[in-house]
Protein chains: 2
Amino acid sequence: MMLDSIDKQLLVLLQKDCKQTNKELSNKLNLSVTAIYERIKKLEKEGIINKYVALLKNEKIDKAFVAFCHIKLIQHSQEYVVKFEREVANLSEVLECYHISGDYDYLLKVIVKDMEAFREFMVNKLTNINHIGSTHSMFVISEVKHTTGINL
Amino acid sequence: MMLDSIDKQLLVLLQKDCKQTNKELSNKLNLSVTAIYERIKKLEKEGIINKYVALLKNEKIDKAFVAFCHIKLIQHSQEYVVKFEREVANLSEVLECYHISGDYDYLLKVIVKDMEAFREFMVNKLTNINHIGSTHSMFVISEVKHTTGINL
DNA sequence: TGTGAAAGTCATTTACA
DNA sequence: TGTAAATGACTTTCACA
């Protein structure tokens with residue numbers, strides 16, 4: 001599907017704040033409320049807009065510790081890979097998991113309360129998953145930039 | 001501020017879908033619409049809910065290529081660090097940038113159209129920033145898990 | 001905090017350029 | 001695609017347990 005300039009502007013606005021009313025959006029884009037409404041419905045139906053979510057502030061909910069973990073598997077048989085991916089996806093501390101190129105197989109983003117909680121996560125959860133060869137963790141010292149808004 | 005069990009359930013629901021009506025939420029949590037309304041306002045005012053956003057599907061907007069870049073600076077003087085962080089935050093391809101512990105100084109999440117666009121990004125944008133010592137890129141082969149919902 | 005009901009605003013549908 | 005107007009649903013405020 002082709003996005004025109006208005007669709008793109010609409011997506012930019014909705015990626016910043018999806019609680020804006022169609023009236024507000026119609027003012028910003030010089031269109032009628034109904035036109036905005038129909039465009040948004042179309043973008044939702046096409047799956048371009050995946051979902052609408054509330055983003056929380058980590059620190060305010062006692063999840064201020066963020067770490068990235070590199071993981072290497074012992075073997076790369078279909079069976080090991082599938083099992084690992086299923087188990088890691090079930091860990092609530094793991095917000096993101098990517099299969100990546102390079103020295104390691106996976107990159108995980110982990111979010112917990114503090115260093116002690118991270119230690120427990122590593123010892124009791126992550127390294128309990130079978131087939132993990134080695135891990136290498138990096139701790140986030142500061143968040144320079146963190147957005148979900150993709151440029152269009 | 002202390003979150004009770006209802007606040008936590010509310011945040012779990014809003015992290016999944018923030019477009020649910022207060023009536024729907026009130027049914028799920030067995031509370032009145034007004035009670036839900038007041039609790040949400042409180043969570044917004046406290047800054048626990050940071051914002052409400054639309055999440056898009058990368059692939060559908062021609063941004064299917066995701067890479068993580070490690071970056072090491074030449075020097076770590078206050079001046080270099082501040083400049084680097086400001087410039088990297090201005091790059092629209094960089095969705096996330098973290099100052100991290102370990103062998104490298106920063107970890108970036110970059111999203112572009114394809115490998116060729118990534119090459120251009122590296123050559124024309126990223127490595128044009130001064131003070132970068134070395135970089136190491138990892139390409140995302142597949143996304144095993146990607147959520148913004150923090151467990152409470 | 002909680003509630004139900006009133007007031008005002010918004011999303012959604014319809015008829016039509 | 002677009003618009004304006006009607007309707008029903010929702011958010012928001014209020015008076016009160």
Side-chain angles (χ1 to χ4, degrees), chain A residues 1-63 113 147-152, chain B residues 1-63 113 147-152:
Chain A
M1 182 216 172
M2 245 346 251
L3 298 173
D4 67 14
S5 155
I6 295 172
D7 287 326
K8 287 182 183 177
Q9 292 176 65
L10 196 46
L11 290 173
V12 167
L13 290 170
L14 291 174
Q15 284 187 106
K16 282 202 198 107
D17 175 11
C18 69
K19 283 279 175 107
Q20 295 173 84
T21 65
N22 291 345
K23 189 190 258 182
E24 290 173 302
L25 294 168
S26 72
N27 283 331
K28 289 180 185 168
L29 301 181
N30 293 317
L31 265 175
S32 72
V33 170
T34 311
I36 295 290
Y37 174 81
E38 294 293 351
R39 278 172 182 269
I40 293 176
K41 284 297 157 222
K42 187 192 63 186
L43 292 166
E44 291 170 352
K45 210 158 284 172
E46 298 272 350
I48 291 169
I49 295 176
N50 185 26
K51 52 182 178 172
Y52 299 99
V53 301
L55 298 180
L56 312 186
K57 268 236 169 61
N58 311 350
E59 319 93 48
K60 301 241 175 180
I61 50 169
D62 228 27
K63 303 279 182 182
K113 182 173 189 276
T147 178
T148 53
I150 304 171
N151 199 253
L152 291 159
Chain B
M1 182 219 173
M2 244 348 250
L3 298 174
D4 66 15
S5 153
I6 295 172
D7 287 326
K8 288 182 183 178
Q9 292 176 65
L10 197 46
L11 290 173
V12 167
L13 291 170
L14 292 173
Q15 284 188 108
K16 282 203 198 104
D17 175 10
C18 69
K19 284 277 175 106
Q20 295 173 86
T21 65
N22 291 345
K23 189 190 259 183
E24 290 173 304
L25 295 167
S26 72
N27 282 332
K28 290 179 185 168
L29 302 182
N30 292 318
L31 264 176
S32 71
V33 170
T34 311
I36 295 289
Y37 175 81
E38 295 293 350
R39 277 172 182 269
I40 293 176
K41 284 297 157 222
K42 185 192 67 189
L43 293 166
E44 291 170 353
K45 210 158 281 167
E46 298 270 351
I48 291 169
I49 294 176
N50 185 27
K51 53 182 176 171
Y52 299 99
V53 302
L55 299 181
L56 312 186
K57 268 237 168 62
N58 310 350
E59 319 94 48
K60 301 243 176 181
I61 51 170
D62 228 26
K63 303 278 182 184
K113 181 173 189 282
T147 179
T148 53
I150 304 170
N151 198 252
L152 290 160

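Every value quoted in this text rests on a predicted model; they were computed, and no experiment measured them. Numbered from 1 within each chain, the chains take letters A, B, ... in sequence-line order.
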After noting the C-alpha distance and the side-chain angles of B/Asp7 and B/Met2, does the key distance pass the side-chain contact (heavy atoms from CB on, under 4.5 Å) rule?
CA-CA 9 Å; B/Asp7 287 326; B/Met2 244 348 250; over 6 Å; no

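- Taken over five-pair windows at either terminus, the axes of the helix from C/dT1-D/dA17 to C/dA17-D/dT1 are inclined to one another by 30° (rounded to 10 degrees).
- Closest approach of B/Leu31 to B/Ala35, counting heavy atoms only: CD2-CB, 3.9 Å.
- The distance from atom NZ of B/Lys23 to atom C1' of C/dG4 is 13 Å, rounded to the nearest whole Å.
- Residues B/Lys51 and A/Asp17 are not paired through a salt bridge, judged by the lack of any N-O separation under 4.0 Å between the basic side chain and the carboxylate.
- A/Gln20 places a side-chain N or O within 3.5 Å of a backbone atom of A/Leu13 that can act as its donor or acceptor partner.
- Inspection of the A/Lys57 and B/Asn50 side chains reveals an N or O donor paired with an N or O acceptor under 3.5 Å.
- Around the NZ atom of B/Lys23, the shell of radius 6.0 Å holds no more than 12 heavy atoms that belong to other residues, nucleotides or ligands.
- Atom CG in B/Leu10 sits 11.0 Å away from atom CD1 in B/Ile48 (nearest 0.5 Å).
- Between atom CG of residue B/Leu3 and atom NZ of residue A/Lys60 there is a gap of 11.0 Å, rounded to the nearest 0.5 Å.
- For the pair B/Glu38 and B/Lys41, the salt-bridge criterion is not met [side-chain N within less than 4.0 Å of a carboxylate O].
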Could you go through B/Gln15 and B/Leu152, starting from their C-alpha distance and side-chain angles, then the distance that decides it, and tell me whether this counts as side-chain contact (heavy atoms from CB on, under 4.5 Å)?
CA-CA 11 Å; B/Gln15 284 188 108; B/Leu152 290 160; 4.1 Å; yes

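- At a non-hydrogen distance threshold of 4.0 Å, B/Leu31, B/Ser32, B/Thr34, B/Ala35, B/Arg39 from residues 30-49 of chain B come into contact with DNA chain C.
- Within residues 5-22 of chain B, no residue is approached by DNA chain C to less than 4.0 Å at the level of any non-hydrogen atom.
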